[in-house]
> 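Quick one: this structure, given as structure tokens, is what I'll be asking you about.
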Amino acid sequence: MERAKAKAVIEAVLFTMGETVEVSKLAELIEEDLRTTKGILKEMAEQYEQEERGIMLTWFETAVQLCTKADMYDYLIKIAKSPRKMNLTDTMLETLSIIAYKQPVTRVEIEKVRGVSCDHAINKLLEYDLITELGRLDAPGRPLLFGTTEQFLRCFGVKSLDELPELNPVQLEEFKAQAEAEIQLQLDI
């Protein structure tokens with residue numbers, strides 16, 4: 001397939017899908033190898049940038065997505081309804097942090113770290129598509145395993161989990177001490 005046609009096919013697929021598409025799938029579609037396909041995608045990304053277009057290619061580990069550039073938001077908001085805002089409580093953020101750093105993780109493991117039930121937080125995070133069920137643990141009761149989604153990466157502005165900040169060991173010990181103090185306070189009540 002000629003390069004211009006390959007770009008047109010990729011652009012049409014990404015526009016129509018509206019979500020990430022694995023680069024390997026795009027390579028199959030245009031009948032090229034992975035390296036050539038990545039080169040085509042890089043050219044497309046550069047073209048979108050140089051031509052000052054309203055769209056851009058965003059990479060998420062092994063997948064790409066056609067997205068609106070951030071500086072277009074003010075224009076979009078004038079014509080579209082205000083996007084649904086996620087209201088993430090401290091409890092939800094704590095739960096999400098545990099999932100992000102320990103995934104795949106079960107509800108029991110999350111509750112063990114937090115010291116309290118996290119049913120509501122998990123349900124809301126699933127609703128917001130920030131986490132997903134990854135399967136079941138091969139253990140008695142076969143508990144669900146949770147992990148983060150591409151939407152999580154998008155919302156927090158990271159391209160992969162490797163970009164998450166490393167936990168400071170001293171801070172981690174402080175968090176553990178705070179959690180133990182909260183548990184003890186609840187037991188005393």
Side-chain angles (χ1 to χ4, degrees), residues 1-86 88 96-106 122-138 142-166:
M1 186 179 293
E2 69 178 59
R3 212 160 178 91
K5 177 74 172 179
K7 287 179 184 179
V9 168
I10 290 171
E11 185 176 59
V13 168
L14 293 175
F15 176 80
T16 303
M17 294 302 292
E19 57 188 33
T20 60
V21 177
E22 291 290 324
V23 175
S24 59
K25 295 275 188 202
L26 293 172
E28 286 176 32
L29 186 65
I30 63 170
E31 299 173 346
E32 292 287 353
D33 59 39
L34 210 52
R35 184 179 179 166
T36 304
T37 304
K38 286 180 180 178
I40 292 170
L41 287 165
K42 184 177 179 191
E43 285 175 24
M44 290 173 67
E46 289 169 359
Q47 281 179 316
Y48 292 142
E49 191 62 38
Q50 290 169 358
E51 296 172 7
E52 294 195 35
R53 308 257 307 261
I55 56 175
M56 64 183 205
L57 272 180
T58 304
W59 288 81
F60 296 100
E61 295 182 351
T62 60
V64 291
Q65 181 176 5
L66 202 54
C67 297
T68 307
K69 287 184 178 175
D71 59 348
M72 296 293 126
Y73 181 78
D74 290 337
Y75 301 103
L76 293 172
I77 213 64
K78 290 177 182 176
I79 198 160
K81 289 182 180 178
S82 198
R84 181 175 152 216
K85 291 188 178 186
M86 288 184 235
L88 297 177
L96 184 57
S97 297
I98 294 165
I99 294 169
Y101 282 99
K102 294 181 73 66
Q103 65 185 304
V105 62
T106 65
I122 287 177
N123 290 337
K124 278 302 207 184
L125 294 170
L126 285 166
E127 180 184 322
Y128 290 153
D129 193 32
L130 294 173
I131 64 169
T132 188
E133 296 173 0
L134 298 176
R136 293 190 174 271
L137 185 64
D138 191 15
R142 309 236 335 122
L144 287 170
L145 290 167
F146 296 99
T148 56
T149 62
E150 286 177 359
Q151 179 67 14
F152 165 81
L153 297 175
R154 208 173 284 116
C155 285
F156 289 91
V158 293
K159 301 208 183 307
S160 77
L161 294 173
D162 297 334
E163 290 184 15
L164 290 176
E166 286 191 33

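When a residue number appears, it is its place in the shown sequence, counting from 1.
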> Report yes if the side chains of Arg3 and Glu43 come closer than 4.5 Å at any heavy-atom pair, otherwise no.
yes
> Nearest 0.5 Å, please: how far is CG in Leu145 from OG1 in Thr132?
11.0 Å
> About how many Å separate CD1 of Ile131 and CD1 of Ile122, when rounded to the nearest 0.5 Å?
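Ile122 CD1 to Ile131 CD1: 5.5 Å, rounded to 0.5 Å.
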> Working to the nearest 0.5 angstrom, can you tell me the gap between Arg53 CZ and Tyr48 OH?
5.5 Å
> Ignoring hydrogens and geometry, is there a side-chain-to-backbone donor-acceptor pair from Gln65 to Trp59 under 3.5 Å?
no
> Once ring pair (Phe, Tyr, Trp, His ring centres under 6.0 Å) is applied, do any residues pair with Phe152, and if so which ones, sequence neighbours excluded?
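Per chain and number, Phe152 pairs via ring pair (Phe, Tyr, Trp, His ring centres under 6.0 Å) with Phe156.
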> Taking the side chain as every heavy atom from C-beta outward, state whether Glu49 and Lys69 have any atom pair closer than 4.5 Å.
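Contact flag for Glu49/Lys69 side chains = yes.
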> Is any side-chain heavy atom of Leu130 closer than 4.5 Å to a side-chain heavy atom of Leu88?
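A side-chain contact under 4.5 Å exists here.
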> Output yes when a side-chain donor or acceptor of Thr149 lies under 3.5 Å from a complementary backbone atom of Asp129, and no otherwise.
yes
> Determine, for Glu28 against Lys25, whether the closest basic-nitrogen to carboxylate-oxygen distance falls under 4.0 angstrom.
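Result for this pair is no, no salt bridge flagged.
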> Any non-hydrogen side-chain atom of Glu19 less than 4.5 Å from a side-chain atom of Phe60?
no
> Between CD1 of Ile55 and CG of Leu14, what distance do you get to the nearest 0.5 Å?
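Ile55 atom CD1 to Leu14 atom CG measures 9.5 Å (nearest 0.5 Å).
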> Taking the side chain as every heavy atom from C-beta outward, state whether Ile40 and Ile30 have any pair of such atoms under 4.5 Å apart.
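Yes, side chains in contact.
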> Determine whether Thr106 and Leu144 make a side-chain contact, defined as any pair of heavy atoms from C-beta on separated by less than 4.5 Å.
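Not touching, per the 4.5 Å side-chain cut-off.
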> Which pair of heavy atoms, one from Ala63 and one from Glu150, lies closest together, and at what distance?
CB-OE2, 4.3 Å
> Closest heavy-atom contact between Pro104 and Leu134?
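Heavy-atom minimum between the residues: CB-CD1, 3.8 Å.
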> Could you walk me through whether Met44 and Val64 pass the side-chain contact (heavy atoms from CB on, under 4.5 Å) check?
CA-CA 12 Å; Met44 290 173 67; Val64 291; over 6 Å; no
> Check the pair Leu57 / Leu66 against side-chain contact (heavy atoms from CB on, under 4.5 Å), numbers first and verdict last.
CA-CA 5 Å; Leu57 272 180; Leu66 202 54; 4.1 Å; yes
> Carefully, step by step, assess Thr62 and Glu22 under the rule side-chain hydrogen bond (donor to acceptor under 3.5 Å, both in side chains).
CA-CA 6 Å; Thr62 60; Glu22 291 290 324; 2.7 Å; yes
> Take a 6.0 Å sphere around CG of Asp71 and say whether it holds more than 12 heavy atoms from other residues, nucleotides or ligands.
yes
> Do Arg154 and Thr20 have side-chain heavy atoms sitting under 4.5 Å apart?
yes
> Heavy-atom distance under 4.5 Å between the side chains of Gln151 and Tyr128, does that happen here?
no
> Identify the two heavy atoms, one from Cys67 and one from Thr58, that lie closest to each other, and give their separation to 0.1 Å.
SG-OG1, 3.5 Å
> Considering non-hydrogen atoms only, spot the tightest contact between Val9 and Leu29 and give its length.
CG1-CD2, 3.7 Å
> Quick one: CD on Gln103 to CG on Leu161, what's the gap to the nearest 0.5 Å?
5.0 Å
> Applying ring pair (Phe, Tyr, Trp, His ring centres under 6.0 Å), can you list everything that pairs with Tyr75, at least two apart in sequence or on another chain?
none
> Counting only heavy atoms not in Lys7, do more than 12 sit closer than 6.0 Å to its NZ atom?
yes
